[in-house]
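One structure below.
Remember, predicted model here, so these are calculated numbers, not experimental data. Start at 1 with the first residue, then count along the sequence. All ligand and atom numbering here is 1-based and tracks the order in the structure.
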Amino acid sequence: MIPPALLDRLRQARHVVVLTGAGISAESGVPTFREALTGLWARYDPLELATPEAFARDPELVWNWYAWRRELVGQSRPNAGHEALAGWPARFPRFTLITQNVDGLHQAAGSREVVELHGNLGRVRCSGAGHPVPDWQRLDGAPPACPRCGRLLRPDVVWFGETLPAAALQSASEAAADCDVFFSIGTSSLVYPAAGLVEDALGRRAIVVEINPAETPLTVHATFVLAGPAAGILAELTAHLAEQDG
Ligand code: BV8
């Protein structure tokens, strides 16, 4: 059930921002970050593995964790939530989609402009100079060497303790500071600076909508809380918006 008051606010919205986390990909079968350690990975802590220290200590282990996740993502398809959001740029005067996810499913659903705060595990880069390496051999086992300088290749994602891509963080911060509606979808709101974006919106009395089956530190501050899985809620919300088109 979508609150009519939310639909009214969306009808008048000037700039809608959406921040997504791993939860929006859960219904595509991509485990959320904390679930991304099942089976042989169950004994590791993602906060430990997703760090430059872990890669320096055991590059093969970290490389293979990402190879396994890349495999999972490769077998996944965007769900109704990704697809609904792909149509939202046409519904609002201004729309910004920001994601913490590294699975590329928003782009696979047709979203053309996606602010990727934490990179994308479909890309790799040189662990030395940082330049992207588009055509690399997909080997299991030890990470391949950079064809240019011989240093190890690494996933093009942001690890804990690493700064976010400056351009992405700036776009996200500017959008959060300008928007009049901020959606936080499928994120535990625990990881910074991504989780801090909504604070800009709250500070300016923008409408904040949280879509998540569980409570998070944001829940008590949100204007509207749509408690449930994102795919169905976003499909229902989009259907209401389409009704307004007459
Ligand atoms: C940095 C890529 C400068 C890798 C990831 C304050 C300011 C700045 C930094 C910090 C700070 N406090 C602490 C820090 C350090 C740290 C941090 O935030 N630590 C946390 C643990 C406290 N931040 C950093 O290190 C960042 N770097 O700021 O640099 C700096 C450096 C050092 C010290 C100070 C400053 C870098 C953070 C980026 C890390 N990389 N991902 C990879 O994926 O392998 S973050 C990773 O974890 C994910 O991208 C995601 O964003 C995050 C959380 O993962 P999950 O919990 O799985 O996913 P999510 O949060 O999205 O939760 C799932 C949610 O979905 C749940 O709520 C669930 O209920 C819901 N859900 C489930 N099913 C559904 C659903 N929702 C809807 N529908 C469903 N069907």
Report summary line: Nearest heavy-atom contact between T163 and V158 is O-CG1, 3.7 Å

Query raised in the report: What atoms of ligand 1 come within less than 4.0 Å of a heavy atom belonging to E162?
Result: 1 (C), 26 (C), 27 (N), 29 (O), 36 (C)

Query raised in the report: Where the closest heavy atom to atom 22 (C) of ligand 1 is concerned, which of T51, L190, I211, L234 has it?
Result: L190

Report task. For ligand 1, find out whether one of its N or O atoms is nearer than 3.5 Å to an N or O atom of H118. Result -> yes

Report task. Decide whether the shortest distance between a heavy atom of G161 and an atom of ligand 1 is less than 4.0 Å. Result -> yes

Query - Any N/O pair Q100/ligand 1 closer than 3.5 Å - result: yes

**Report entry** Pair R14 + D178, salt bridge at N-O below 4.0 Å
**Finding:** yes

Report summary line: Closest heavy-atom approach to atom 76 (N) of ligand 1 among P193, A230, P213 is made by P213

Query raised in the report: Does even one non-hydrogen atom of L121 get within less than 4.0 Å of ligand 1?
Result: no

Query raised in the report: Considering only heavy atoms of A214, which atoms of ligand 1 have at least one such atom less than 4.0 Å away?
Result: 69 (O)

Query raised in the report: Can an N or O of A50 be found at a distance shorter than 3.5 Å from an N or O of ligand 1?
Result: no

Requested in this report: For G21, take its heavy atoms, then give the atoms of ligand 1 lying under 4.0 Å from any of them.
Outcome: 61 (O)

Query raised in the report: Out of Y192, W159, Y66, who gets a non-hydrogen atom closest to atom 17 (C) of ligand 1?
Result: Y192

Query raised in the report: Within the structure, does A22 bring an N/O atom to less than 3.5 angstrom of an N/O atom in ligand 1?
Result: yes

Query raised in the report: Who gets closest to atom 39 (C) of ligand 1 by heavy atom: I233, V158, T216?
Result: V158

**Report entry** Atoms in ligand 1 with a heavy atom of V102 nearer than 4.0 Å
**Finding:** 2 (C), 43 (O)

Requested in this report: Answer yes or no: does an N/O atom from N212 fall short of 3.5 Å to an N/O atom of ligand 1?
Outcome: yes

